[in-house]
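Beneath this line is the structure, given in structure tokens, with notes to follow.
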Amino acid sequence: MDMQLPLLDRLFAAGLLIDTGVDGLYGRSGAFEDVITRFEAVIDSLGGVDKPEAIRFPPGMNRAHFEGSGYMKSFPQLAGTIHSFCGCELDHVSLLTCMEEGKDWTGQQQATDIVLTPAACYPLYPTIAKRGALPAGGGLFDLQSYCFRHEPSKEPTRMQLFRMREYVRMGKPTDVVAFRQDWMERGTKLMESVGLPVEIDVANDPFFGRAGKMYKNNQRNQNLKFELLIPVNANAGPTACMSFNYHQDHFGKTWGLTTEDGETAHTACVGFGLERIALALFKHHGLDVNEWPAHVRQTLWG
Ligand code: ATP
Ligand code: ZN
Ligand code: MG
């Protein structure tokens, strides 16, 4: 394999990712998927001992829940909405004419009740709030979802549709912060067990616009987000493969989520970027899993 080629081209050539003609939108081979499946099993073996409640949402979420979450205040540039044709027969004729003439036909599409999920945990908070107050000790959830972000890129680590595995903790501030701390340590050990070099640093999200500067400073000054970074791309800084987020009472207030004694619940989430982790493994150990170091193969395949 020509090591001079960009990583994305090497992944295409090896058949691990499949080009669709759109940057950041790829098919995955069976070998690529197997790495993700095996890595998730290792995550389960660490996180399963805490007996989280597993929930799987599809990659689209209730638009009203999305609107309530405040995502459009922070990241309007990343969001994706689902639009459908809602016209009559006459509208259909003009739609087809538009398409035949190569004109823009999408103006006829109308917003549906569904938007694309921007992060695996967004559908969870309103869902759990609807159940009523949290039980004693709070809540712990295990999530996985495809997520959409409109950030087309030639870097394979920045996709438009990718999977996030998350654990979410809800409850008293001390419990929630301890959960996040615990996963920073577990995450570091986990990556070391599959032969990946890591560093942890405070993170900055790309909050939109002038008002976003305030969010950015707040996030940094209050240590609300940490990232676990692994070098993947050549000529670029290391890539965030996990993130550790403390939302304070943001989602608790937004959705009326309370602890058993009626206090506003605090929340934190820990997210694994599954494609990024797979890419880090391919980058560090080679594109053929059969050639990976024995201890790494042992951890993943037993
Ligand atoms: P970055 O700073 O690289 O844009 P992020 O801070 O936006 O990452 P989070 O919002 O914390 O990422 O999402 C949780 C995890 O999902 C990240 O740690 C990363 O591993 C993964 N992730 C985020 N954006 C992408 C993407 N565009 N493609 C693939 N994985 C992603
Ligand atoms: Zn989350
Ligand atoms: Mg981002």
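Whatever order the structure lists ligands and atoms in, that order sets their numbers, starting from 1. The figures that follow rest on heavy atoms only: side chains count, while hydrogens, waters and symmetry mates do not. Small disclaimer: the values here were computed from a predicted structure and weren't measured.
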Atom nearest to the Zn ion (ligand 2) - Glu166, N, O or S atoms considered: OE1
Derivation and outcome, ring-ring contact (aromatic ring centres under 6.0 Å, His included), residues Tyr167 and Phe179: CA-CA 10 Å; Tyr167 288 110; Phe179 155 87; 7.3 Å; no
Amino acids in close contact with ligand 1, where any non-hydrogen atom sits under 4.0 angstrom away: Arg149, Glu151, Thr157, Arg158, Met159, Phe162, Met164, Asp205, Lys225, Glu227, Ala240, Cys241, Met242, Ser243, Gly273, Arg276
Check the pair Glu33 / Arg163 against salt bridge (Lys or Arg N to Asp or Glu O under 4.0 Å), numbers first and verdict last. CA-CA 11 Å; Glu33 287 300 292; Arg163 273 159 295 178; 2.8 Å; yes
Only one of Asp175, Val270, Asp182 forms a side chain to side chain contact (heavy atoms under 4.5 Å, CB included) with Arg169, so which one is it? Asp175
From the list Tyr215, Phe207, Phe208, side chain to side chain contact (heavy atoms under 4.5 Å, CB included) with Lys73 holds only for Tyr215
Might you confirm whether atom CZ of Arg131 has over 12 heavy atoms from other residues, nucleotides or ligands at distances under 6.0 Å? yes
Would you please indicate if the ring centroids of Tyr125 and His247 are separated by under 6.0 Å? yes
